[in-house]
Amino acid sequence: MPDFEQELNPEQFAAATGPDGPTLVLAAAGTGKTRTLVYRVAYLVESGVPPDRILLLTFTNRAAREMLERARQVAGPGVGNVWGGTFHHFANRLLRKHARQLGYALDYTILDRDESVSIVKNCTKTLGLQSKAFPKAAVLLGIHSAAVNSDADLNDIIEARYAEHWHDPTDILKVLNGYTEKKRQLNAMDFDDLLLNGLNLLRQHPSIETYYQERFLHVLVDEYQDTNPIQAEMVDRLAALNRNLLVVGDDFQCIYSWRGADHRNIMSFPDRYKDTRVTKLETNYRSVPEILNVANACIARNKGQFKKTLRATRPAYSKPVVVHLQDGDRQADYVASQIAMLRREGYKLSDMAILYRAHYHALEMELMLKRSQIPYFMTSGMRFFEQAHVKDACCMLRLYRSKSDELAFARIAQWLPGVGQKTAEKVWSKLGGTFNATDPDAQQFVADTLPAAARTGWKKIAAIWSTAEKETHTRVPGDILSMFLSGFYEAYAVNAFDNFEKRLEDIQGLIQYLGKFKDIDEFLNEVALFTNLDAESDSMDETEQDAIRLSTVHQAKGLEWPVVFILWLAEGLFPSGRSIADSAEGELEERRLFYVAVTRAKDELRLCVPAMRINRDGSPAFYTPSRFVKEIPPKLVETSKLKRPGFY
DNA sequence: GTTTCGGTTCTTTTT
DNA sequence: GAACCGAAAC
């Protein structure tokens, strides 16, 4: 039995070893929130709670994995049976078991963004509504998603968004109803459906709800400030019987309200659970006091929050530096030279991170790192599993395992010359909506139905499934993809992509990655939910090299580095122009985002304030410094103006 | 009727 | 880069 009292500070100890019942842990940044959760899980297991009756909901799958790994080190191997993961992941797990109750087949597919967009586009076209004046598919999906995630009425959302440019909601509703129907027909769910259906399972089927209420003796929720109403209701329902609900969060760090997160969930928690024990974690172990001073000054401007003040434990070090720069290139120069300097001081590249508001803000920085041959990791805007070639490979597996995956069929068919969307649709309807990839007759039928130019290619693809089926007892999942590469895709990729080498390497990486799964189905059931961070921490790259991290602030949530650079602190960029235009709430959330960025840093913080940016068309745009920089009391930072490159 | 190709436009944040 | 649109090519 570990000595909890010795390994935790009094605040953490109280939270980790507290009695049953509703508990709210207000954990300011860097106060050992993860540590507390880890020890709470370990404590529960040590106290005799069966691990598989504990549910730990986290913001990323990686966070759950890391916490459970650490808890295992404290409390032993049994911890591995704790249910852990994101809300989407958990809902998926329930639905893979019970989706029939809601009218889905259990092998439903999960639609990613692109697939959702193209379905909505088709609906718009079918209804004859496409025009310049009609909202684009992505916008429609945004409305739909906002309605689902904030548990609001579509009409209200439409009214709020189109207060100025009024759209008749009937057409929008028509399209979105079409989208819903099509998803049903495809036996598919989008990300929002996972959450909503997961909740509906509990709402509509008392026996299922009771089963899980009894099953989970303890429910723990991380990053509770970023839950939306759907997620909050799901948690409330799951914990309703045993009432052993422990939520951890920091209202200062609520940065996802744009996707329905409502920090009122955390604010009102003590009201909803009258006997809540509230523990505050305010002792910060992460950052030097100079950084905390900046963070505290920043967040003090946001009113209406739980009062928390970060208390420093580390000795004084040096003040964060505000650097005024001419433009993005100078900014990149500056950061590169600082990296070199800090490395000479003994920091590793993996001790440093470069954070920014939006992916495209990293452009000059990335080029500079490439030129200087400084290795970097970047979770780019495009996710690994959303890239065309990776989806191609996945569809190959999907159609092998499913007889009704229209989307996978259509994707595969369109690799073939002379086949586009229409032809793919026709063949699929002639198949009667079902296709068995390993059935020679079905393969032949498709060959006969396709245009002549497509037949050679089709036979190559079909042969892969047949071979896989025949030799399946000796083969691991990745082997199908190896055959796919050599038997078809390499030749295809060379003609289809200019950077085909990179893409083929990615598929090789995917083949490696598949080795982690029991079988193809286990992989396919969850692939749509994998994020870059998940894939990365599973080290898809076999080379674990020292590299600097480039990331959006959102993706940096929960992480920390000794050295942090924040780029593009200019009005309109960070804070983002769109956000502050949207509503008064926008500025508050941007400020919380800045707070999150600042509190990632342990030792060194550099705030970069460029004055100019070259637009895409080559014209210059001039910027004033970010309000968040101007708000910092001058005595809390060092300020330097860099005029000429080379003199840092 | 479909597919393919080439030129144009625009980047918030993500499960 | 990649999504969109219009026009050429099949």
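Below, chains carry the letters A, B, ... as their sequence lines are ordered, and counting in each starts from 1.
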Which one, B/dT12, C/dC5, B/dT2, comes nearest to the side chain of A/Ser576?
B/dT12
Closer than 4.0 Å, any side-chain N/O of A/Lys121 to the OP1 or OP2 of C/dC4?
yes
Could you check which of B/dT12, B/dT3, B/dT13 has an atom nearest any side-chain atom of A/Arg578?
B/dT12
A/Gly420 or A/Tyr360, whichever maps to the more 5' nucleotide of DNA chain B:
A/Gly420
Look at the side chain of A/Thr227 and the backbone N and O of A/Glu223, then say whether any donor-acceptor pair between them is shorter than 3.5 Å.
no
Distance, rounded to the nearest Å, where A/His554 contributes NE2 and B/dT12 contributes C1':
8 Å
Report yes if a side-chain nitrogen or oxygen of A/Gln555 is closer than 4.0 Å to either non-bridging phosphate oxygen (OP1 or OP2) of B/dT14; otherwise report no.
yes
Would you say A/Ser579 places a side-chain N or O within less than 4.0 Å of OP1 or OP2 belonging to B/dT13?
no
Separation of B/dT14 atom P from A/Arg62 atom CZ, nearest Å, is 14 Å
If you check every side-chain atom of A/Lys136, which of B/dT14, C/dC5, B/dT15 has the closest atom?
C/dC5
If you compare every side-chain N and O of A/Lys426 against the phosphate oxygens of B/dT2 (OP1, OP2), does one of them come in below 4.0 Å?
yes
Rounded to the nearest angstrom, tell me the gap between atom CZ in A/Phe500 and atom P in C/dG1.
16 Å
Atom CG of A/Asp112 and atom P of B/dT15: how far apart are they, to the nearest Å?
13 Å
So, under a plain 3.5 Å distance rule, would you say the side chain of A/Arg357 forms a donor-acceptor pair with the base of B/dT13?
yes
Inter-residue atom distance A/His263.NE2 - A/Tyr224.OH, 0.5 Å rounding:
13.0 Å
So is A/Arg549 actually on top of A/Trp561's ring, under 6.0 Å and inside 45° of the axis?
no
Between P of B/dT14 and CG of A/Leu593, the distance in whole Å:
10 Å
Starting at CD1 of A/Ile255 and ending at P of B/dT15, how long is that distance when rounded to a whole Å?
11 Å
Given that A/Gln421 and A/Glu589 both sit by DNA chain B, which one's nearest nucleotide is further toward the 5' end?
A/Gln421
A/Ala358, nearest nucleotide to its side chain (from B/dT15, B/dT12, B/dT14):
B/dT12
Under 4.0 Å, counting only non-hydrogen atoms across every strand here, what does A/Val419 touch: a base, just sugar-phosphate, or nothing?
sugar-phosphate
Quick one: label A/Arg503 by what it contacts on the DNA or RNA (base, sugar-phosphate, nothing), any heavy atom closer than 4.0 Å.
sugar-phosphate
Whole Å only: how far is the CZ atom of A/Phe59 from the C1' atom of B/dT13?
10 Å
Under 4.0 angstrom between A/His359 side-chain N/O and B/dT14 OP1 or OP2
yes
Any stacking of A/Tyr256 on B/dT13, going by centres under 5.5 angstrom and planes within less than 30 degrees?
no
If I take atom CG in residue A/Asp114 and atom C1' in nucleotide C/dG1, what distance separates them, rounded to the nearest angstrom?
13 Å
Could you tell me whether A/Arg184 sits above the aromatic face of A/Tyr104, with NZ or CZ closer than 6.0 angstrom to the six-membered ring centre and within 45 degrees of the axis?
yes
Tell me whether A/Arg455 at atom CZ has more than 12 heavy atoms from other residues, nucleotides or ligands lying less than 6.0 Å away.
yes
Just by modelled atom types, is the A/Tyr595 backbone N or O under 3.5 Å from a matching donor or acceptor in the A/Thr599 side chain?
yes
